[in-house]
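Each remark here refers to the structure printed beneath this line.
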Amino acid sequence: MATFSLPAKDVDEWNLNPTVTYRHVLSQSTGVHNPLRTIGLCDLDCFYAQCEQRRLGIDPALPIVVLQWDMLIAVNYPAREFGIKRMTKLPDAKKMCPNLVVVHVATYKDGESEPKYHPDPNNKTHKVSLDLYRRESNKILNVFKTTLPTAEIEKASIDESFVDFTRPIQQILLERYPELASPPPDSPLNLDTPLPPPPARLEWHKSSVWVPVNPEAEKGTESSEGPQQEQDSTPATWHDVALSIAAELLDNTRREIRETLGYTTSAGIARNKFLAKLVASYKKPNSQSVLRNAAIPNYLRPLPFQKIRFLGGKLGTILAEEYEAKTVGELLYIDLAEMQRKFGPESLWVYQVFRGIDIGEVKEKPPVNKSMLASKNLPKPIRQDGDVLQWVRVLCSELAVRLLEARETGTVWPKTIALHTKQAGDSASKSKQTPFPFVRDLTGDVIVAAVMKLWKELHTSDAERAANPNVPKMKIINIAVSFNGVETLEQGQRNIAGFFGGPASKGASSSKLIAQEKKSHEDDSNASPLTYKCPTCSKVLSVLSVEGDDEDTRAARLEAVKAEHEDFHFAQRLSRQETIKLGAGSGKRRISPARRGPPSKKRKEPGIESFFKKK
DNA sequence: GTGGATGAG
DNA sequence: CGCTCATCCAC
């Protein structure tokens, strides 16, 4: 039998069978070092294709491709049966499959404030919109959050999320094996006592695919009940129990996604993020795969390391060239010191990943991204000032739509807005930024005005160009507008933002408003204090005058702001108590109590949203 | 603040 | 493999 066996030293170094103690079941503070840690990665099968299939109400068994201009950006599994791939040319794809459903992504057109499914979108005049996919992505994320309320969830991309199942697993272990709630009374190690052996007959989750421990031995018996046999021959550990529980939970979530939203997913479950991500592609589509610790070495050794997340690029290429190697196994003999000499501090991560170790945490991301960028490569370059506005309008209306969408989760403001351009033949790009126009009724036009000002700062005008023959010809082949430093405003700031600009100030810039504000203060020497310093957090709350209001009105507003701010502290105290409660009995090794615990919910404030009128 | 590098898909 | 994003970092 051509099975591999790993030297005991490696079992140790790879940490394949760590001791699990009562503390590991009871404590939330063990973090990435908890041997019960179990991570899932779930991604949508050919996501864009599924979105379009659902939008159009098409039978999912029909072959469908999603087009971006003349390029295929998504191919569903029925279409793949015909040999169609992402790089296939559209005419070729149609020949391979005459009944192929071809859908072009939605596009923005100048003069339209929303993306549409234009019957014949033109790359010369339209801009691609991925809005539908972003919205569907958020719906899916919500299914994760509601079906796994105690798990940590990290949205990794538009079609992928990581889930840290450790906490729900701890809860379920205690329900199913109540004896794990406390160590035997006579055990001197107390919580550090190792757990009793796991149940002799573990229920390996049935509808998951378990990666075999010895793939060679599997061959031939695989189709029948091979995997089950195999699993039984390598004794189950408590981590295997944890994997099984995660498999149940993720299976439920995936079913919910399928039944409520109609999307199929593929998932991987393993002890850390990188392995979960890797094993998710073990079987696709509409399937989930589980990697036991015992199966890690034989799974990893033959694996081309450039498939590993973050080794797909430059770093992976350097490694491949330096050692003329392709697989993880070929690099296992290289010691850490040598790698560190050659490749610097990145090496530790690489060294550990090759041994199935990754301490990367699953961390919830804030509901909105830090930046939003709308860009367009121009098949017909911009050659004069007059060509610019149409594109600026298209890009800005897209960003305006996206910003307003983001405001469904809170009061979101970018700090700055930037214009980026790229000249033909110049690999570099130029950009210029300015503070975001801080106005109440945000429209595309306000943003357009700001961007056009940036354009003037960035490029010499047509007039000057004509007057000065030394100025090189304009040939812009890429234009982009971005919002940077996008943040959800906190309680105190939110009120300030809400009162910025009264009804009269529509469309005015923030700097104007501030100027008005200063003036009215000077005029009113009897004004009562408009600020209040919070005794709890020392934040200074303030209300700003709105044209035409009086002292009493302002004072009342300050009171309202104070009350809301106190509510905020109240809610914070509540959520902190929750953390403490959950953490009780978890031992003394809590390092940073504030860091873990339930994600702090953004408090909803009725009324404030109405300040931001939709177009 | 600007521009470059890197990476995902 | 062209296109559309996002993040991080040096200066």
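Heavy atoms only: backbone and side chains are in, while hydrogens, waters and symmetry mates are out. Chain A is the first sequence line, chain B the second, and so forth, proteins listed ahead of strands; every chain is numbered from 1.
Against DNA chain B, the stretch residues 90-97 of chain A makes no heavy-atom approach under 4.0 Å. Contacts of residues 302-319 of chain A with DNA chain B (heavy atom under 4.0 Å): A/Arg309, A/Phe310, A/Gly313, A/Lys314, A/Leu315.
Remark: the backbone N or O of A/Val328 is not paired with any side-chain donor or acceptor of A/Arg301 at under 3.5 angstrom. Between the side chain of A/Glu154 and the backbone N or O of A/Lys363 there is at least one donor-acceptor pair closer than 3.5 Å. No donor-acceptor distance shorter than 3.5 angstrom exists from the side chain of A/Arg383 to the backbone of A/Lys473, with no hydrogens or angles considered.
Backbone-only engagement by A/Lys127 is indicated by non-hydrogen atom pairs under 4.0 Å involving sugar-phosphate atoms exclusively. Base engagement by A/Met71 is indicated by at least one non-hydrogen atom pair under 4.0 Å involving a base atom. Heavy atoms of A/Ser157 sit nowhere under 4.0 angstrom from any nucleic acid atom.
The salt bridge (charged side-chain N to carboxylate O under 4.0 Å, His left out) search around A/Glu114 returns none, not counting sequence neighbours. For A/Lys456, there are no salt bridge (charged side-chain N to carboxylate O under 4.0 Å, His left out) partners two or more places apart in sequence or in a different chain. Here A/Gln288 pairs with A/His205, A/Ser208, A/Ala247, A/Leu250, A/Asp251, A/Arg254, A/Ala267, A/Ile269 under the side-chain contact (heavy atoms from CB on, under 4.5 Å) rule; sequence neighbours left out. Applying the ring-ring contact (aromatic ring centres under 6.0 Å, His included) criterion to A/Trp455, with sequence neighbours excluded, gives A/His459. Every residue two or more places apart in sequence or in another chain that forms a salt bridge (charged side-chain N to carboxylate O under 4.0 Å, His left out) with A/Lys116 is listed here: A/Glu112. Checked against salt bridge (charged side-chain N to carboxylate O under 4.0 Å, His left out), A/Lys342 has the following partners two or more places apart in sequence or in another chain: A/Glu322, A/Glu338.
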Contacts table for residues 370-378 of chain A: side-chain donor-acceptor under 3.5 angstrom, sequence neighbours left out:
| residue | atom | partner | partner atom | Å |
| --- | --- | --- | --- | --- |
| A/Lys376 | NZ | A/Asn123 | O | 2.9 |
| A/Lys376 | NZ | A/Asn123 | OD1 | 2.5 |
| A/Lys376 | NZ | A/His126 | O | 2.9 |
| A/Asn377 | OD1 | A/Asn478 | ND2 | 2.4 |

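Relative ring orientation between A/Phe436 and A/Phe483 is described as perpendicular, the plane-to-plane angle rising above 60° on a 0-90° scale split at 30° and 60°.
The footprint of chain A on DNA chain B, defined by a heavy-atom cutoff below 4.0 Å, extends from B/dG1 to B/dG9. The outermost nucleotides of DNA chain C lying under 4.0 Å from heavy atoms of chain A, listed 5' to 3', are C/dG2 to C/dC8.
Every pair passing salt bridge (Lys or Arg N to Asp or Glu O under 4.0 Å) that includes a residue from residues 42-51 of chain A is listed here, sequence neighbours excluded: A/Asp43-A/Lys284.
Remark: the A/Ser137 side chain and the A/Lys155 side chain contain an N/O donor-acceptor pair separated by less than 3.5 Å.
Each of A/Lys376 and A/Lys365 lies near DNA chain C, and the nucleotide nearest A/Lys376 is the one positioned closer to the 5' end. Closest-nucleotide positions on DNA chain C for A/Ser371 and A/Leu72 were compared, and the one nearer the 5' end corresponds to A/Leu72. Residue A/Thr416 is the one, among A/Ala428 and A/Thr416, whose nearest nucleotide of DNA chain B lies closer to the 5' end (criterion: closest heavy atom).
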